[in-house]
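Contents: one structure, followed by commentary.
As the structure lists them, so they are numbered: ligands from 1, and atoms in each ligand from 1. All values derive from a computational prediction rather than experimental measurement. Because only heavy atoms are used, hydrogens play no part in the values below, and waters and symmetry mates are left out as well, while side chains stay in.
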Amino acid sequence: MANYEEVFRKVVAHAKEYGFIFQSSELYDGLGAVYDYGPNGVELKNNIRDYWWKSMVNMNDNIVGLDSAIFMHPATWKASGHVDAFNDPLIDNKDSKKRYRADVLIEEHVARIESKIEKEVKKAAKRFGDSFDEEQFVSTNPRVVGYKEKCTSIMQRFAQAMNDNDLVDVKALIEELGIVCPFSGTKNWTDVRQFNLMFKTQMGSTADGATDLYLRPETAQGIFVNFLNVQKTARMKLPFGIAQTGKAFRNEIVARQFIFRMREFEQMEMQFFVRPGQEMKWYEHWKESRMQWHLSLGIDKEQFRFHDHDNLAHYANAACDIEFKFPFGFKELEGIHSRTDFDLKSHQEHSGRKVQYFDPEINESYVPYVVETSIGLDRMFLTILSNSYQEEEVNGENRLVLSIPPMLSPVKAAILPLTKKDGLPEKAKEILKSLQYDFNCQYEEKDSIGKRYRRQDAIGTPYCITVDHQSLENHTVTLRDRDTMQQERIAIEQLHRLISKKVGLNRD
Ligand code: ATP
């Protein structure tokens with residue numbers, strides 16, 4: 001499909017029509033950048049979370065889980081740097097009155113130049129045919145080299161300005177690049193200001209002196225403040241990791257693009273604690289391992305890329321993103337950060353308590369270094385949804401199918417009696433009962449069998465089981481495969497094994 005915006009619109013409409021995602025409080029005209037997950041959405045979301053948990057916690061004997069509270073002592077956020085530095089630079093267009101993130105305006109400008117490079121490469125590939133050497137072309141073609149230099153110099157200047165907290169230069173850069181507001185088309189910009197993204201609330205009644213609290217903007221800090229509790233009670237030796245999934249809240253300035261950028265979202269994070277000096281080895285390990293996780297879902301590797309951070313956060317000594325090609329371009333899906341000993345050290349200072357590990361191998365106590373993997377569950381949901389949305393033509397008819405990896409599909413099998421009489425529903429319900437304990441199944445008897453197949457295709461159900469008159473005679477059913485649309489006659493007693501093979505994690 002060529003028109004990405006059109007595809008994105010369709011994916012969003014599909015998500016609503018088939019009960020994946022609804023706008024929050026839609027009855028009251030909605031709440032900006034907050035979403036609810038419907039019956040199919042919650043299943044898919046749970047399955048993605050489970051898949052992450054299994055591969056991070058259950059499959060690694062040196063990673064354990066945690067579920068810390070959303071509310072934390074306010075000193076946590078002072079220590080983590082969020083009170084002073086969790087800001088986004090914002091800028092307004094005076095004519096349209098629209099607000100933007102200055103960094104996003106600049107990054108989008110760079111992305112437009114990068115897409116010019118892509119176009120040049122495509123053109124040249126066509127021209128040179130089989131003899132085309134992309135690497136050589138990109139490093140020698142004067143136009144492409146010029147574009148690349150431009151991108152680098154813009155990002156370097158921006159990183160420098162942010163490091164120096166020089167917001168005047170950020171504005172100057174936006175003006176020099178000739179960036180215009182997409183709504184008004186003008187360059188009539190306000191100054192750039194910093195805006196803190198944390199939501200504030202209060203605990204206790206104001207009469208007896210309420211405490212100001214924040215809704216956590218990341219789950220990571222719950223892990224850091226529990227480092228010693230977990231290490232001691234689970235008797236963990238370095239290197240080891242603590243993983244958790246849970247809600248995070250950010251008062252995002254610009255929250256467009258559906259569930260890509262939300263004000264309430266869910267993170268899946270893992271903090272890996274290592275001996276100082278070994279962090280780069282583990283950083284490389286987790287980069288590789290997390291990329292493999294994405295590829296294990298069968299998504300084309302061309303859809304992913306690494307993006308190294310030019311502008312390192314205050315706590316990091318190395319950081320990169322795994323970007324996915326969303327319908328609106330390559331954007332961050334997951335971050336892998338080498339956070340040094342910044343967080344633990346800072347909690348040690350602010351709490352006045354020692355947060356250290358005694359390493360029996362070298363007979364020394366120290367504050368561990370940390371490598372973090374942090375992925376947004378909702379962004380992963382959007383990755384799966386947009387990657388699996390397909391429109392096909394089958395025998396002159398349009399078929400809409402979500403080719404979700406079967407282990408993540410909301411419904412694993414639909415059980416469909418061919419007609420509503422002759423004992424077929426009873427037989428179908430018997431089959432449903434036998435599968436329900438292990439798989440999320442759906443029973444459907446309304447509409448023609450073709451229509452029922454289409455509805456299941458549209459939510460990504462890997463198998464449809466049709467119960468017909470023959471089923472009563474010889475205990476067989478037809479099993480229809482979502483992707484091949486092939487139907488096979490099989491014995492009812494084989495169903496459990498076949499579904500299990502299709503949707504299970506163990507592929508051996
Ligand atoms: P961005 O640059 O897109 O704002 P970030 O660099 O601030 O993201 P991190 O703080 O590294 O993001 O958070 C880790 C992960 O949490 C991100 O990779 C993303 O998947 C997810 N995430 C962050 N902010 C949001 C949000 N507003 N909505 C949904 N997911 C988010």
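- Under a 3.5 Å cut-off, the side chain of D67 and the backbone N or O of Q244 do not form any donor-acceptor pair.
- Relative ring orientation between F260 and F326 is described as perpendicular, the plane-to-plane angle rising above 60° on a 0-90° scale split at 30° and 60°.
- Taking the six-membered ring where tryptophan is involved, the planes of W77 and H82 are perpendicular, since the angle between them exceeds 60° and thus also 30°.
- At a 4.0 Å heavy-atom cut-off, the residues surrounding ligand 1 are R101, R250, E252, F260, R261, M262, F265, Q267, E332, L333, E334, G335, H337, S374, I375, G376, R379, listed by chain and number.
- The aromatic rings of F324 and F304 sit tilted, their planes meeting at an angle between 30° and 60°.
- Relative ring orientation between F381 and Y37 is described as perpendicular, the plane-to-plane angle rising above 60° on a 0-90° scale split at 30° and 60°.
- Relative orientation of the W282 and H285 rings is perpendicular, given thresholds of 30° and 60° on the angle between their planes.
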